[in-house]
Amino acid sequence: MPRSDSLMIVLSSGRQGGGLESLLSLVWMLACVLVIIVLAYLFTKYVAGRGIGKLGLSGGSDRFKVLSRLSLGRDQSVALVKAGEKYLLLGVAPSGVSLLKEMTREEAEALYAPSSDQPAPPSFGEALRTVLKQKKPR
């Protein structure tokens, strides 16, 4: 009979540890999700800071810079490039790059300047807050 009592003690102590273990597991999972969200936010800030998410698509310099790019298909795009004082509209395809048109400064600015009637896209943080506010509790 002493043997069954010791078995009951082992089983009851295992149940108590299981609750604490599952709570710690939940806290660890929430911490991991939070770290992933923070890293995604910092990465988007880094990408936006490099100009990829804004008007300028590449670093470049003031003398040579990709101002805007529009994807037309899988491997095809049109790029507006500033080269010195010239503005070039280039077609980019796997077969090569071709000059579509040389543009004046006014024409180029009309293409890549943001329109005043459209609001700027929200930042990652603003978009995340909006989605979390819209989320309804179960």
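A single hydrophobic cluster is not seen to contain both Val35 and Phe43; linkage of ILVMFWY side chains at heavy-atom distances under 4.5 Å, directly or through other members, places them apart. At a threshold of 4.5 Å between side-chain heavy atoms, the hydrophobic network of Ile, Leu, Val, Met, Phe, Trp and Tyr places Leu24 and Leu30 in two separate groups. Note: the hydrophobic cluster containing Met103 also contains Leu70 (ILVMFWY, side chain heavy atoms under 4.5 Å, direct or indirect links). The cluster map of Ile, Leu, Val, Met, Phe, Trp and Tyr, joined by side-chain heavy atoms under 4.5 Å apart, puts Val38 and Val33 in the same cluster.
We find that Arg105 and Glu85 are not joined by a salt bridge, their nearest charged nitrogen and carboxylate oxygen being 4.0 Å or further apart.
Between Ala40 and Phe124, the closest heavy-atom pair is CB-CZ, 4.1 Å. Taking each heavy atom of Ser71 and Ser77 in turn, the nearest pair found is CA-CB, 4.0 Å.
Under the 3.5 Å distance criterion, the side-chain polar atoms of Gln76 are left unmatched by any main-chain donor or acceptor of Gly73. Within the 3.5 Å criterion, the main-chain N or O of Glu106 finds no donor-acceptor partner in the side chain of Glu109. Ser25 contributes no side-chain N or O that, together with a main-chain N or O of Glu21, makes up a donor-acceptor pair within less than 3.5 Å.
The shortest side-chain heavy-atom distance between Thr104 and Tyr87 does not fall under the 4.5 Å cut-off. At least one side-chain heavy atom of Leu72 sits under 4.5 Å from a side-chain heavy atom of Val78. Considering only heavy atoms from C-beta on, Leu100 stays 4.5 Å or farther from Leu90 through its side chain.
Between the NZ atom of Lys82 and the OG atom of Ser68 there is a distance of 15.0 Å, given to the nearest 0.5 Å. Expressed to the nearest 0.5 Å, how far CG of Leu80 lies from CZ of Arg69 amounts to 11.0 Å. In this structure, CG on Leu42 lies 12.0 Å from CD1 on Ile37, to the nearest 0.5 angstrom. We find the OG-CG distance between Ser98 and Leu88 to be 11.5 Å, quoted to the nearest 0.5 Å.
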*I would like to know whether Lys86 and Val81 meet side chain to side chain contact (heavy atoms under 4.5 Å, CB included); could you show each step before the answer?*
CA-CA 8 Å; Lys86 294 183 179 183; Val81 176; over 6 Å; no
